[in-house]
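To start, the structure under review is shown below, and the notes come after it.
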Amino acid sequence: MKVISYKKRITTALFAGLIGSTMLSGAIVAGENGHGPVKMIKVDAKKAALGKRLFFDVKLSGDSAISCATCHQPDKAFTDGLALSKAYPGSKGFRNTPTLMNAAVRKNWFHDGRIGTNLNDVTREMITEDYIMNMDMRMMQERIKQDPVYVKMFKEAGYGEPSNGSVRKAIPEFLKTLTSRNSDFDKGTMSAAAKRGYGLFNGKANCASCHSGANFTNDKPYNRGVPENPEIWADPMRHMTYVAFGTFMGIENIMNIRRDVGAHILTHKADGSDVGKFTTPTLRELKYTAPYMHNGMFKSLFEVVSFYNQGGGQDKNKDPNMKPLGLTFGEQQDLVAFLEALSGDVLNTGAHVWKDKIPSNYAAIKNWRAVKN
Amino acid sequence: MKNMKKLSTLLMGVVISAAAIGVAHAGSKVPPLVPLGDPPIPVDNKMSDAKTKLGKMLFWDPRLGGDASTACVTCHEPDQGWGFADALSRGYPGTVHWRNSQTVINSAYLKKQFWAGSAASNEKQAPSAAKGAVAGNGENDVMEARLAFIPEYRALFKEVFGTEWPLIADAWKAIAAFERTLIVKDTPVDKYLAGDKKALSAQQVRGMKLFNGKANCISCHNGALASDQKYYNLGVPTVERWNDDGLAQVTFRYEIYAKGVTQELYRKLKDDPGFYFRSKEKTDMGKFRTAPLRYTKFTAPYMHNGAFWDLKEVVEFYNAGGGQNDFTDGTISKNKTPLLKPLGLSEKEVDDLVAFLEGFSGEELRVEAPKLPDYAPLPNPATN
């Protein structure tokens, strides 16, 4: 029933879209399921500029080896192109680095949704997590205070003296500037194939029941039966990082587990029926964010679409609504064309990238004995 | 908790027996120098060959730390007197330490470890070394997980501690047991004190007389370790490097911030208040533990901040009646110990004293570096 009514509305929507592309260059207004451009967020320019510098500064990691941008690279829509992320030296990641585009409009963060409060907490987690940046925040604060550029920027941003509390405010302010813009979908310039794909997306393929809203996600977890990435269990450095994480999260029987339990760490269902659920990701900027899924198991969007077309993977906890879709090869290509039309500007100019060199050494404070700490 | 209790009773035992040797009361008389015996072994961490073998490997293993770069041995180098031969120790990558790296030789005898005595045993010292941001910067869960992926360690931990998977607390026990093998006794001074009058040269014997008499070193450097393990402010001059090295300035502020001082003190301090961090008494500012004098021939530079590069400089410092720092000259406080006075030692007497100090060191202790085992994937569990 629903499918039919979707279809109907879509035709009108597409029609409006066609006119729109000639008449109202700019936003498509008639998206389904809340789809539409992501609203730009107003930010405090000085705070965001400070957050930008911090984002690109390796001094925020314990041994000054990596910055946020080591894993969240602007050219790749703030991902790293790897199936499984890097990690702090001495460890290796066990999940795919998610895009930070539109992270500010999410309702919860991480593939398992383990943070549901705000980006301030997410930032703290990234900085202090042993296998991400392994930073003692107190050391971070003193490092920042040693850099005159920061001292000035914190002051001008209204934060006063540099502190770890204001680092956790400034970085989120920068993250709020990472908003998708100028995709063909948003501009109303989708190809015919992409438009057909959008019809399928809202209709026969039923993607929109989860990938809804401006950011194409309902921020909820599901089990899609995505296969395990065997690399995690074959590479001791990845496996041990998962063990450290799982021990901290209180995962039962951690030494004998050979799978990423996902959102189970939040709900801890005794029967394990919540094992393997992962949060629905955004579908924006996918062109730049391969490979896909929480563990990078799919290299291309076509692989993802054919996975869905088969009815997903094998998993005893798989969402029962996940059924083979019966899409033809052409329909699958249309769906891919639509997904690609959700990618817009790459934010790799000075507006979103700190281009100046950030000194990696620390100038001495002159007249040290006379100056207050 | 249980372990702690047992340990403190044990340490009490040591205190009493040490006191029994001399007549240590109210500063009037102090225990004499005596030969060093065997180190105390805590009842809850008995020694075994397998345990010390494991402890040795762990002492060398940088995987017990944040980025797997900095092992205990990195700052406690056998060929640098089991310390680090710079005034301030090297730090974790991206940092420099703010104190001199102490030798681990004979640390097994110490009731309080670190320059300001903040750890009560080798077992308690090791985790703070492996976790501190300017030392190992490791986290328990990561370090423990790493151990589980090293088959040779799994086997050794199982043999020694009986657990299926290595526990990080047991790693500290194994390291502590290894440290209890890093003992240097039977030095010329020990032999002399035990009755072998040829063990020291005539010059050294003159030095010893000065040590026990005119130079009054014995008032603090006494007993078997040549340390009363109490805290004094000698007026050791502050670290020059802090004036012009940004990285060292970062660590300085980090340490006072992390160890916890008032906002006012955080702003003002420009020198290490030492034992104050533990007592929070202003009168304890700038105090450090009397350093044991054993093995010092190999552990230059000296003092908590490496202020002096050879033993002669140290003796000259004492000959001048000690020095001045922010905690003696009133900048922050005035706590210089009244026990230090200009000594009026002649050049020759200074040399005699230095010669005697060298008699505390004996042969340099060298061991072969262990071979470190690799990571391997975990075998699949029998049932999943």
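Letters A, B, ... are given to chains in the order of the sequence lines, protein chains preceding strands, and every chain is numbered from 1. Note that the structure is a prediction, hence the values are computed from the model and not measured.
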Straight-line distance of [X] [atom1] to [Y] [atom2], nearest 0.5 Å:
| X | Y | atom1 | atom2 | result |
| --- | --- | --- | --- | --- |
| B:Asp141 | A:Thr247 | CG | OG1 | 6.5 Å |
| A:Trp368 | B:Asp245 | CH2 | CG | 10.5 Å |
| A:Asn373 | B:Phe252 | CG | CZ | 6.0 Å |
| B:Asn140 | A:Asp130 | CG | CG | 9.5 Å |
| A:Lys145 | B:Tyr254 | NZ | OH | 14.0 Å |
| A:Gln146 | B:Thr251 | CD | OG1 | 9.5 Å |

Exercise. For A:Lys318, look at atom NZ and say whether over 12 heavy atoms of other residues, nucleotides or ligands are found less than 6.0 Å away.
Key: yes
Can you confirm whether [X] sits close enough to [Y] that some side-chain heavy atom of one is under 4.5 Å from a side-chain heavy atom of the other?
| X | Y | answer |
| --- | --- | --- |
| A:Met240 | B:Tyr375 | yes |
| A:Arg143 | B:Thr95 | yes |
| A:His239 | B:Pro377 | no |
| B:Asn137 | A:Asn134 | yes |

Quiz item: Out of B:Thr238, B:Thr331, B:Asp326, which one pairs with A:Arg369 under the side chain to side chain donor-acceptor pair (under 3.5 Å) rule?
Solution: B:Asp326
Practice problem: Applying side-chain contact (heavy atoms from CB on, under 4.5 Å), run through B:Val142 and A:Tyr88 and close with a yes or a no. | Solution: CA-CA 11 Å; B:Val142 167; A:Tyr88 187 72; over 6 Å; no
Quiz item: Hey, which of B:Pro62, B:Gly91, B:Gly94 has the most heavy atom pairs under 4.5 Å with chain A?
Solution: B:Gly94
Quiz item: Out of B:Gly65, B:Ala148, B:Ala145, B:Ala68, which one racks up the most heavy-atom pairs below 4.5 Å with chain A?
Solution: B:Ala145
Quiz item: What part of B:Tyr92 lies closer than 4.5 angstrom to a heavy atom of chain A: side chain, backbone, both or neither?
Solution: side chain
Quiz item: So what's closer than 4.5 Å to chain A heavy atoms on B:Ile256: side chain, backbone, both or neither?
Solution: side chain
Quiz item: Do B:Arg253 and A:Gln141 have side-chain N/O donor and acceptor atoms under 3.5 Å apart?
Solution: no
Exercise. Sequence neighbours left out, what pairs pass side chain to side chain donor-acceptor pair (under 3.5 Å) with at least one residue falling in residues 160-170 of chain B?
Key: none
Out of [options], return the one with the most heavy atom pairs under 4.5 angstrom to chain B.
| options | answer |
| --- | --- |
| A:Met255, A:Lys372, A:Met135 | A:Met255 |
| A:Asp235, A:Ile365, A:Val243 | A:Ile365 |
| A:Gly90, A:Ser360, A:Ser91, A:Ala65 | A:Gly90 |

Practice problem: Take A:Trp233 and B:Asn380 through the side-chain contact (heavy atoms from CB on, under 4.5 Å) test and state the conclusion after the steps. | Solution: CA-CA 9 Å; A:Trp233 320 109; B:Asn380 272 320; over 6 Å; no
